[in-house]
2 protein chains.
Amino acid sequence: MPKQILPKPTEGELAILRVLWRRGASTVREVLEDFNQAQETGYTTVLKMMQIMTEKGLLDRDDKDRTHVYSPRVAEEETQRQLLGDLLDRAFNGSAKQLVMQALSSKKASREELAEIRQLLNDIERGDK
Amino acid sequence: MPKQILPKPTEGELAILRVLWRRGASTVREVLEDFNQAQETGYTTVLKMMQIMTEKGLLDRDDKDRTHVYSPRVAEEETQRQLLGDLLDRAFNGSAKQLVMQALSSKKASREELAEIRQLLNDIERGDK
DNA sequence: GTCGATGTACGAAACATTTCGTTGACAATA
DNA sequence: TATTGTCAACGAAATGTTTCGTACATCGAC
């Protein structure tokens, strides 16, 4: 039983996770200040969410000092995979191809990025199956 | 002003939309029966959701007969684009490349599908930019 | 030690989503 | 016409998420 299933983060929870992934372990105030570049949010709002996320197992909390320090308990890639897989099932009928085609055609990717994707395609075709 | 912005469908709403996209215009009971292949749901639950979706503009309702007939007001591809773009911003920091790489590496796509994707890459590289 | 700033905890309000019980209209049929 | 089944409408309960007011503890400056 290598890994427990963590709940899918809500929209607000994901916003907090993104800050922690970028900054690393942080206090509530640090997350708040990062947030408030963009939108106004109250201190206790962020605190409460991070407390709930800790209960859910999404964050770890170091409370040995008075000012607690939170860190993400889930890796960014893991969460991306989870959310993407979820969307794949719920909106794309499980068709990865459709999803990728939409992502490529409707969104901007630079020439270098396209080349990297092409390289990945090569690896996949050669590697497995 | 060619097109109004429709709200992002919730999880339950998306499930209903998928039935309608697949079946075409349907009654509440038809959607319900489609649903109940998989999970048990009450009639009034589905009815209520479809009423709300109609209010939100996600569905059209033909109520000239006693049994109303609902149809999706949003195209499947449009909604896919919307949800994918949303996820791209919220979880992938806007990097379409990262998203595509995750989708390709973690999920199954057949050889033919990979070829199609490769073709699309060609088209993109040739066509624009 | 007192005061003000900063921190956590707690509980509830505000809001959205999902679920369903009940009611009254209508229709088919016995 | 009386009964039974199907339907839409309505309202409310149950649940989950987000927001924040308040209370209380701790720390540092004075």
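In what follows, chains are A, B, ... by sequence order, proteins preceding strands, each numbered from 1.
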A:E55 CD - D:dT18 C1' separation (whole Å): 15 Å
What does the B/S/- profile of nucleotides 16-22 of chain C look like, 5' to 3', with a 4.0 Å heavy-atom cutoff to protein? -SBBBBB
Between A:R23 and A:E33 (salt bridge meaning N to carboxylate O under 4.0 Å), is one present in this structure? no
So do the side chains of A:Q102 and A:F92 get within less than 4.5 Å of each other, counting heavy atoms only? yes
Drop me the distance from B:I52's CD1 to B:L47's CG, to the nearest 0.5 angstrom. 9.5 Å
Is any side-chain heavy atom of A:W21 closer than 4.5 Å to one of A:T79? yes
Take atom OH of A:Y43 and atom P of C:dA9, then tell me their distance rounded to the nearest Å. 10 Å
Would you kindly give the CE-to-C1' distance between A:M50 and D:dT18, to the nearest whole Å? 15 Å
Apply side-chain hydrogen bond (donor to acceptor under 3.5 Å, both in side chains) to A:D86 and A:Q82, showing your working. CA-CA 6 Å; A:D86 181 65; A:Q82 177 185 23; over 6 Å; no
Rounded to whole Å, CD of A:Q51 lies from P of C:dT8 at a distance of 8 Å
Out of curiosity, does B:L14 fall in the hydrophobic cluster containing B:V28 (side-chain heavy atoms, cut-off under 4.5 Å, transitive links)? yes
So, A:Q80 side chain and B:A91 main chain: donor-acceptor pair closer than 3.5 Å or not? yes
Residues of residues 60-71 of chain B with any non-hydrogen atom less than 4.0 angstrom from an atom of DNA chain C: list those, numerically ordered, please. B:R66
How long is the span from the CE atom in B:M50 to the OG1 atom in B:T27, to the nearest 0.5 Å? 7.5 Å
What closest approach, in Å, do A:L6 and A:G57 show between heavy atoms, and which atom pair accounts for it? CD2-O, 3.6 Å
Scan A:L17, A:T10, A:D60 and name whichever one has a side-chain contact (heavy atoms from CB on, under 4.5 Å) with A:M53. A:L17
Give me the residues of residues 14-38 of chain B where at least one heavy atom lies under 4.0 Å from an atom of DNA chain C, by number, or none. none
